[in-house]
Amino acid sequence: MTAPSDIAARVRELRKQLNDHNYRYYVLDDPEIPDAEYDRLFRELQALEEKYPALVVADSPTRRVGAKPLKVFGEVRHAVPMLSLGNAFSDEEVRDFGRRIAEKLGLSEVDVDFTAEPKLDGLAISLLYEAGVLVSAATRGDGITGEDVTQNIRTIPCVPLRLRAEAQRPLPRVLEVRGEVYMPKAGFEALNERQRAAGEKPFANPRNAAAGSLRQLDPKVTASRPLAMFCYGIGQVQDGRLPDRHNAILSQLKDWGLRVCPEIRTVKGIDACLDYYREIGERRASLAYEIDGVVYKVDHIDQQETLGFVSRAPRWAVAHKFPAQEALTRLLAIDIQVGRTGAITPVARLEPVDVGGVTVTNATLHNQDEIARMDLHVGDHVGDTVVIYRAGDVIPKVGGVVLSRRPADAKPFVMPSHCPVCGSDIVRLEGQVIARCSGGLFCPAQRKEAIKHFASRRAMDIEGLGEKLVEQLVDRDLVHDPADLYTLRMEQLAALERVAQKSAENLLAALEKSKATSLGRFLFALGIREVGETTAQSLAQHFCDLQAIEEADLETLQSVPDVGPIVANSIYTFFRQAHNRQVIDKLIAAGIHWPKIVVKKPATLPLAGKVIVLTGTLQGLSRPEAKQRLQALGAKVTGSVSKNTDWVIAGEAAGAKLKKAREFNIEILDEAGLLNLLQ
Ligand code: IVH
């Protein structure tokens with residue numbers, strides 16, 4: 001059939017788009033659109049080419065597996081092509097797959113054994129072992145030739161450089177193992193934190209992070225990234241035999257020291273495959289790694305051979321994909337939120353979009369740098385088209401912008417210079433990523449957040465004092481600071497919107513009840529910057545008394561476990577602000593009280609009264625650990641050397657403090673001396 005010219009034009013356009021997206025995905029590790037969108041374009045092209053075979057050209061994106069390898073890495077020709085998998089998006093498609101297989105094998109459907117595996121979301125890698133030694137590693141590339149990434153793969157801790165020879169079955173002389181290199185979710189989050197802190201672009205998802213980390217010219221960079229690998233198959237095998245079932249091959253690989261995903265199971269028939277899909281789907285969020293579906297593979301190798309391949313993929317396997325965790329939507333506006341400490345957080349308001357079954361309407365943009373990095377543009381009505389993704393069950397994030405869909409009138413987003421709530425200047429200190437409203441408690445937004453924090457469950461636990469109520473109390477000038485809560489009267493509360501007599505009574509009772517608290521909770525409730533629940537508890541335990549904390553100097557504060565110079569400084573400064581002291585006095589006057597803390601007197605401990613300074617790097621234990629253990633023995637561990645110091649413990653590369661200790665003639669201990677002391 002000859003194709004009409006508009007169809008031919010559409011086919012050309014689709015090829016161009018797909019080629020561009022392939023390039024961004026495989027070569028730049030920086031995809032612009034979600035996989036689902038890519039699949040849609042790909043299927044559209046596939047369907048048109050099927051209908052009009054005259055339009056097919058040899059270099060159509062439908063005719064190949066991946067993209068050309070990057071030229072900077074050497075090339076590796078795969079002895080056995082690295083193919084892709086066919087996809088199924090519904091139970092129906094999976095059942096069709098099962099039917100086709102049973103038919104070809106002449107078996108009843110329930111008699112086909114399948115291995116069901118998670119479909120790991122990373123990148124395919126081939127490892128070549130000769131005489132048990134890793135000699136080369138390659139990416140899939142275009143399926144025929146891949147990139148030589150041997151040096152980088154060698155940095156991944158779980159990839160054995162030498163296989164464990166095992167008596168049961170001798171190692172083949174040549175063994176090619178295939179699997180997925182991926183980045184565990186936790187490692188991905190940590191890496192992105194680091195990227196953000198260093199002012200660098202965070203990765204859109206763990207797969208891009210894995211690909212980007214592996215395709216580094218400097219293996220040291222790869223080594224610093226948390227990569228792992230699961231093996232799921234083999235390529236060429238020379239001079240050696242492997243078991244005749246897929247799952248048995250994987251067990252064999254495990255015995256040879258290769259890592260295999262523990263979730264892999266062998267099941268009978270397609271129904272059992274679908275059960276597996278649902279079970280893994282339910283546990284997806286709690287897995288330590290990202291998966292985007294499951295893979296079913298015919299388990300018997302001889303049956304695999306009978307079934308063979310179609311152009312791009314084996315007939316004996318299929319990938320059953322989960323619904324997309326990524327979607328495109330449009331940015332409606334960027335709003336500014338003001339946090340308890342004045343931190344300004346830009347938030348994207350989005351056209352509602354379903355992402356993996358959850359409707360998303362907002363997503364945090366973290367900070368100004370993040371917006372600049374993504375180069376987000378806003379328009380009069382709508383702005384950029386953005387990629388929204390959810391990894392596991394974490395909150396939705398903006399992954400990037402589809403530049404080709406930017407409206408003509410869109411402009412770069414500019415951060416306001418004044419707080420949208422109180423009008424105070426927004427300041428961003430040099431070297432800091434976060435901008436803050438300088439209004440302090442003058443800013444109603446900060447006041448509201450401070451009061452919400454004060455009332456929260458882990459702080460003063462004032463039941464019934466919810467967000468809406470706090471907003472009304474602040475907006476109507478009834479409450480300026482937390483102490484004002486305790487002066488509220490029945491008639492004031494009853495006059496508020498949506499507050500019934502009964503709930504007003506309950507709130508007053510809850511306020512009364514909250515007065516009996518603990519010193520730790522009270523300290524936490526004050527909302528001192530850098531003082532979380534744990535630090536508040538440590539302070540309470542250490543000082544036992546509010547006045548002692550208020551009066552403590554920086555050095556004394558630093559002798560508390562977990563309190564370093566920044567935290568100490570924040571506490572010290574807080575108690576030196578007259579208005580903070582006033583609020584505290586008002587709170588105490590209102591009747592807030594706590595039981596006296598009784599602790600074991602340090603005098604009974606072996607290092608009681610001793611003042612110790614730690615400096616330099618210790619080999620056997622970390623400094624915080626050493627500090628904690630010394631404190632447990634009653635010692636006071638401080639940050640600076642003075643005439644009162646009893647011992648200075650000097651690890652490797654100790655500098656100024658060691659020098660000072662010598663000047664003051666203070667006894668200096670090395671690490672061995674420290675261990676002695678601890679014993
Ligand atoms: S088997 C010939 N098993 O999915 C069969 N692939 O779309 C080759 N993948 O390139 C692949 N988990 O990167 C297989 N358990 C698994 C997999 C898996 C993830 C990836 C792999 C492959 C792509 C195919």
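Start at 1 and go down the list; that is how both ligands and their atoms are numbered.
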Do [X] and [Y] pair up side chain to side chain, a donor and an acceptor below 3.5 Å, judged on atom types alone?
{"X": "H246", "Y": "E117", "result": "yes"}
{"X": "Q17", "Y": "E13", "result": "yes"}
{"X": "Q236", "Y": "Q238", "result": "yes"}
{"X": "Y129", "Y": "E176", "result": "no"}

Should we count CZ of R194 as having more than 12 external heavy atoms under 6.0 Å?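 Atom CZ in R194 is crowded, with more than 12 foreign heavy atoms closer than 6.0 Å.
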Hey, can you tell me if W316 and F309 have their rings parallel, tilted or perpendicular (30° and 60° cut-offs)?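 Judged by the thresholds at 30° and 60°, the geometry between W316 and F309 is perpendicular.
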Who's touching ligand 1 if we go heavy atoms under 4.0 Å?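 If the criterion is a heavy atom under 4.0 Å, then ligand 1 touches L83, S84, L85, E117, P118, K119, L120, A124, R140, E180, Y232, V295, K297, P314.
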